[in-house]
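Heads up: the structure comes next, in structure tokens.
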Number of protein chains: 4
Amino acid sequence: MAQLQKSIDKRTALLKATLSLVNNGGIQSASMAKVAKIANVSPATIYLFFESKQDLVNQLYLDVKGSFAQAAFSQYESDDEVKKSFEKVWIAMAAFKLENKEEASFLSQCDNTPMIDEETRQEGLKYLTSLFDLWSKGIKEGIIKDISPYLLYAFSIYPMAFLMNLDNRSLCPLGENVINEAFQVAWDSIRV
Amino acid sequence: MAQLQKSIDKRTALLKATLSLVNNGGIQSASMAKVAKIANVSPATIYLFFESKQDLVNQLYLDVKGSFAQAAFSQYESDDEVKKSFEKVWIAMAAFKLENKEEASFLSQCDNTPMIDEETRQEGLKYLTSLFDLWSKGIKEGIIKDISPYLLYAFSIYPMAFLMNLDNRSLCPLGENVINEAFQVAWDSIRV
Amino acid sequence: MAQLQKSIDKRTALLKATLSLVNNGGIQSASMAKVAKIANVSPATIYLFFESKQDLVNQLYLDVKGSFAQAAFSQYESDDEVKKSFEKVWIAMAAFKLENKEEASFLSQCDNTPMIDEETRQEGLKYLTSLFDLWSKGIKEGIIKDISPYLLYAFSIYPMAFLMNLDNRSLCPLGENVINEAFQVAWDSIRV
Amino acid sequence: MAQLQKSIDKRTALLKATLSLVNNGGIQSASMAKVAKIANVSPATIYLFFESKQDLVNQLYLDVKGSFAQAAFSQYESDDEVKKSFEKVWIAMAAFKLENKEEASFLSQCDNTPMIDEETRQEGLKYLTSLFDLWSKGIKEGIIKDISPYLLYAFSIYPMAFLMNLDNRSLCPLGENVINEAFQVAWDSIRV
DNA sequence: CATGAATGAGATTTCATTCAT
DNA sequence: AATGAATGAAATCTCATTCAT
């Protein structure tokens, strides 16, 4: 048990170290040696948990995407009406991103990079099933535009990455009011 | 004269080689040796045109961003009404991205990566001045939401990167009708 | 334990390889690749022991200077009278240089080159403290000229480098009698 | 004529550029490109005057050594008595080194380096013929120790390099009194 | 005579990964 | 299970030299 816990801790430390390094200088600056040093293990130890650097990054992606999804849908109740549900999810996503800037920044960086395997990326998409279902329902009810969910995603969710980026670069700090404005824009874009 | 042309050609070939390599495997896989080989020059020759790898990538970014901006605003006429103008620009941007997939994909990849110098990134922003002016005008006329231009950008322009990505991965091919739908969504998001 | 010994052996082999290469063609001809090959390790292995080529050369300098100093002062006894002491040290120095030609030649080469960090050079000077003390004593006793120790060094010790050089180039082989003559000259230069 | 002069000027500029670069960072930092830039010519032009980098350095050595010798013996009159002559030469040498620090420093650096061809080094020795003759005469007169001129050189002339070095590194600034002290030491070392 | 452009070879250094212990 | 040592391969960049003009 204690042994298992130590193992988990090490894995976590390695993921965390990778996250921080990738955020600060891109994947190229996250060398296995640096990751190992920050996580306080030997480079060789990494390979007990991950098959390769690619695997390490992939697993990190899934890990972070999982946390993100969990946060996003934690308040979600299927009884709520569509707009309310969407708002809950959207706001929860924004909150997660503001509270976990490293994770958020990492996910943004993954979006358009060959950093992550296509396969793993697909895997990550599954976390959004609930959202897609919600949109389906909204479309049936005539509340949401009857267009590809990818479009809905592109215009209502994806922009958050850009906002986070601005916030990080201090170009447009995200206070509560900006968040609310942004939600309004998101909703206007997809509602009928 | 012929000499100058040869120089320009070589520079262009180098930029093109870099573009293609970065697109296919990220900045890390675009080694100077590979770039040189594809451009049919010696590695040393690269340094006649670019100070360093970082400089090469920065210049490529500005180059591509410049082409993009030029295409975006080529039809732009300040006499048009705001919505018409915005539509022209938006459609021109989409067209550019569809016709120059490599360039588009590269710009997306640059968005959230430490690949590009902050300074160079700022430089790249200048190309969008006209768009920001247009929004200003729209806000004054009460046609466009009175919010930060960054938000307007995030929800009406930035999503294109995601769409391009989908198209590239064959997840949502962009035909004319999808483009039109997407424009409608973009406009709904920022209009009052 | 065996591991530690192997480490030490490798470091030594690297230093030795560097010594030999620098002697034969100057610092520029002692490439890391050549050093590695001669020491029978991979180039990457060098960096387990030395931070950089500069560090490698600096450490070699200190190493050799240390050996030299140890040899020089091994017979030194503070009870001896000044001239006797000086003679012991001088002769020991000459003997070291004759028995360790590579080391001697390397030290000469370091003398007036930007090869070695100023800081490291200062560090190397410390090895001569005993000699400076001896001169101090001699000056107080009125036996040695009351001038800067740097001058004393320049005229009584530094010339050995030139002699070594001659010997190496077979221009003036150093037999015992020449050594004795030379010592006489050295002593005449600094004695009152 | 004007053409010839321009040629000579270029050669001089190249030598000067090399001198300065070698002094500041050793031979390795004097790249042909840098030399060319400082001398305001194209890299290719260097090869109109010098066969190779080695040749450039060799010629510089002979050039500087020549200037040094000329200065050293400019006051020399064969009628003077030996000590007077030696003093004149020694002081003239010191003066040259103080007034032409770059040249002096360069010569020091050449002393124990494989920087200069053995052949060229031999060539440089010829400049000292007069001095060797003077010593011959002194030995015959019983004024100077009857030992190899190499030894005489090592202890009375060679130390100047060390002094210059100290001066450059501000460890022992050479004023007139230090120079006079030093001459006394030099003379004591070789006189009977 | 003079050059700017071009380069192959090679410099230093880093990296992902392995393996004996 | 865990590691520190070791490395081959490759990365970025520099250099002495050449050659068409």
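Values below: every heavy atom of this structure, side chains too, minus hydrogens, waters and symmetry copies.
Whole-Å rounding puts the C:Ile8 CD1 to F:dA5 C1' distance at 15 Å. Between the NZ atom of A:Lys34 and the P atom of E:dT17 there is a distance of 16 Å, rounded to whole Å. Here F:dA11 presents its P atom at 11 Å from CG of B:Leu21, a figure rounded to the nearest Å. Atom NZ in C:Lys6 sits roughly 9 Å away from atom C1' in F:dA6 (whole-Å rounding). Look at CG on B:Leu14: it is 14 Å from P on E:dA5, rounded to the nearest Å. Following rounding to the nearest Å, C:Ile27 (CD1) and E:dG10 (C1') show an atom-to-atom distance of 17 Å. F:dA1 atom P lies 16 Å from atom CG of A:Asp9, rounded to whole Å. Per the geometry, CD belonging to D:Gln28 stands 11 Å off P belonging to F:dA16, to the nearest Å.
Considering every non-hydrogen atom in both D:Lys53 and D:Ala30, the closest pair reads NZ-O, 3.0 Å.
OP1 or OP2 of F:dA2 lies within a sub-4.0 Å distance of a side-chain N or O belonging to A:Lys10.
Residues from residues 39-54 of chain B lying near DNA chain F, meaning a heavy-atom separation below 4.0 Å, are B:Ala44, B:Tyr47, B:Ser52, B:Lys53 in numerical order.
Remark: of the listed residues C:Val35, C:Leu15, C:Leu60, C:Asn58, C:Leu15 is the sole one forming a side-chain contact (heavy atoms from CB on, under 4.5 Å) with C:Phe50.
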Donor-acceptor contacts under 3.5 Å from residues 101-109 of chain A side chains, at least two apart:
unit_1, atom_1, unit_2, atom_2, d
A:Lys101, NZ, A:Asp167, OD2, 2.7
A:Ser105, OG, A:Asn23, OD1, 3.2
A:Ser108, OG, A:Ala104, O, 3.2

* Asked: How does DNA chain E look in dot-bracket form if you count Watson-Crick and G-U pairs under 3.5 Å, write [ ] for pairs that cross, and put | where a base pairs with another strand?
  -> .||||||||||||||||||||

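Within the model, atoms OG1 of C:Thr18 and CD of C:Gln59 stand 10.5 Å from one another, a figure rounded to the nearest 0.5 Å. Rounded to the nearest 0.5 angstrom, B:Lys65 NZ and B:Thr120 OG1 are separated by 12.0 Å.
When heavy atoms are screened at a 4.0 angstrom cut-off, A:Met32 is found touching base atoms of the nucleic acid.
Within a 6.0 Å radius of CD in C:Gln28, other residues, nucleotides and ligands contribute more than 12 heavy atoms. A:Glu118 CD: more than 12 foreign heavy atoms inside a 6.0 Å radius. The 12-atom threshold is exceeded at CD of C:Gln122, counting heavy atoms of other residues, nucleotides or ligands nearer than 6.0 Å.
Salt-bridge check for D:Asp63 with D:Arg11: passed, with a basic side-chain N closer than 4.0 Å to an acidic carboxylate O.
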